[in-house]
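Start at 1 with the first residue, then count along the sequence.
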Amino acid sequence: MKDALLVALVMYLAKFLDWGALNIQVRPIILGPLVGLVLGDLTQGIILGAAIEAVFMGTFTVGGSVPSDIPSGAIFGTAFGILTGKGVAVGVALAVPVGLLATLLFNLVCLFFNFLVSYQDRAIAEKNDRRFNQIHIFAMFFYPIPFAIMTFIAIKAGVGPIESFMNSLPDQVMAMLNVMAQMLPALGMAILTKSMWDKEIIPFFFIGFVLAAYLGMDTMGIAVLGAALAIYFIFTDFKKKKEMAALKRSPQADQTNDSSEMTDEMEDFLS
């Protein structure tokens with residue numbers, strides 16, 4: 001009862017921040033530790049949050065397009081991974097299908113709240129700011145409630161059956177789940193890489209591969225090195241743009257203004 005209520009509160013907070021107060025989608029790397037904290041296992045929450053974040057790293061919401069309900073997948077995956085004692089194998093395995101199923105609930109909730117649109121349109125037409133704000137606040141506080149109720153019921157009723165089901169699985173199936181849990185983060189990284197792929201990052205891709213595969217550097221070391229290189233290139237690019245802006249303001253720039261504009265247009269076309 002207590003665990004289900006606490007996890008439901010985490011779900012309410014995640015949805016309140018997501019589509020309510022700040023429109024911030026709280027990622028699994030934050031939700032995992034929160035769920036672990038309320039369930040009394042912060043370490044496992046951090047591990048599960050990081051593993052699920054890697055799975056959903058290339059998945060994000062654009063406007064009303066929700067390919068997967070990431071907060072729901074992260075919260076359920078972390079909670080069941082901790083409560084069943086199976087860790088990453090169960091957490092990652094459940095996060096993906098739960099995220100997809102929770103999208104159906106998201107669509108139903110949005111369909112239900114569509115009735116508020118006409119009231120807000122009327123408030124705008126009447127220039128009634130107070131009524132508009134009241135309707136917005138109502139939706140902001142009541143939107144997360146269906147997700148919190150779903151979470152409470154699922155955690156309270158589902159931990160026992162899932163734990164019994166997982167304990168009844170053969171060792172070979174559990175081994176397959178562990179392998180899948182290790183492969184899904186790689187899939188998430190591949191989706192992220194595909195969305196941001198550009199010919200200019202090809203050298204860095206292979207540099208990272210060599211550092212990990214042949215030089216044995218861990219992920220944190222590669223991340224720190226990559227961040228340092230990114231900061232260096234940002235400052236270098238900023239310095240070049242500053243010098244070019246100063247050059248364009250010089251008297252000699254007037255003579256070559258037409259040619260420079262043509263060059264800039266060509267660079268924009270080719271970039």
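A pairwise comparison of heavy atoms in V109 and F147 identifies CG2-CE1, 4.1 Å as the closest pair. The two atoms that bring P71 and L31 nearest to each other are CA-CD1, 3.6 Å, heavy atoms only. Taking both residues in full, the closest heavy atoms of I29 and E53 are given as N-OE1, 3.3 Å, listed atom of the first, atom of the second, then distance. Closest approach of G36 and I82 over heavy atoms only: CA-CD1, 3.7 Å. Listed here is the closest heavy atom pair of L48 and G91: CD2-CA, 3.9 Å. Shortest non-hydrogen contact noted between A123 and F132 is CB-N, 3.9 Å.
I46 and V26 sit in two unconnected hydrophobic clusters of ILVMFWY residues. Membership requires side-chain heavy atoms under 4.5 Å apart, directly or through other members. Cluster membership check: Y143 shares its hydrophobic cluster with I137, using side-chain heavy-atom separations under 4.5 Å among Ile, Leu, Val, Met, Phe, Trp and Tyr.
Between I124 atom CD1 and D129 atom CG the span is 9.5 Å, to the nearest 0.5 Å. For the atom pair CD1 of I52 and CZ of F76, the computed distance is 12.0 Å after rounding to the nearest 0.5 Å. With values rounded to the nearest 0.5 angstrom, T43 atom OG1 is found 11.0 Å from L37 atom CG. Here the CD1 atom belonging to I155 is positioned 9.0 Å from the CE atom belonging to M150, to the nearest 0.5 angstrom. Taking CG of L108 as the start and CZ of F106 as the end, the distance is 10.5 Å to the nearest 0.5 Å. Atom CE of M140 and atom CG of L17 lie 10.5 Å apart (nearest 0.5 Å).
For the side chain to side chain contact (heavy atoms under 4.5 Å, CB included) with L83, the qualifying choice from D3, V35, T78, D41 is D3, the only one to do so. If you run salt bridge (charged side-chain N to carboxylate O under 4.0 Å, His left out) between D237 and each of K241, K240, K239, only K241 comes through.
With hydrogens and angles disregarded, a donor-acceptor distance shorter than 3.5 Å links the side chain of Y12 to the backbone of F141.
Looking only at side-chain heavy atoms (C-beta outward), S72 and M11 come within less than 4.5 Å of each other. With contacts defined as side-chain heavy-atom distances shorter than 4.5 Å, the pair L211/L225 qualifies. Counting only heavy atoms from C-beta outward, the side chains of D69 and K15 approach each other to under 4.5 Å.
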*Could you go through the ring-ring contact (aromatic ring centres under 6.0 Å, His included) check for F138 and Y119 one step at a time?*
CA-CA 12 Å; F138 169 82; Y119 291 99; 9.9 Å; no

*asked:* Between V10 and L6, does the side chain to side chain contact (heavy atoms under 4.5 Å, CB included) criterion hold? Intermediate values first, please.
replied: CA-CA 6 Å; V10 175; L6 291 174; 5.9 Å; no

_Run the side chain to side chain contact (heavy atoms under 4.5 Å, CB included) test on V92 and V55 for me, step by step, so that the C-alpha distance in whole Å, both residues' side-chain angles and the decisive distance to 0.1 Å come before the verdict._
CA-CA 8 Å; V92 173; V55 174; 3.8 Å; yes

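R122 is linked by a side chain to side chain donor-acceptor pair (under 3.5 Å) to nothing, counting only residues two or more places apart in sequence or in another chain.
Around the CZ atom of F209, the shell of radius 6.0 Å holds no more than 12 heavy atoms that belong to other residues, nucleotides or ligands.
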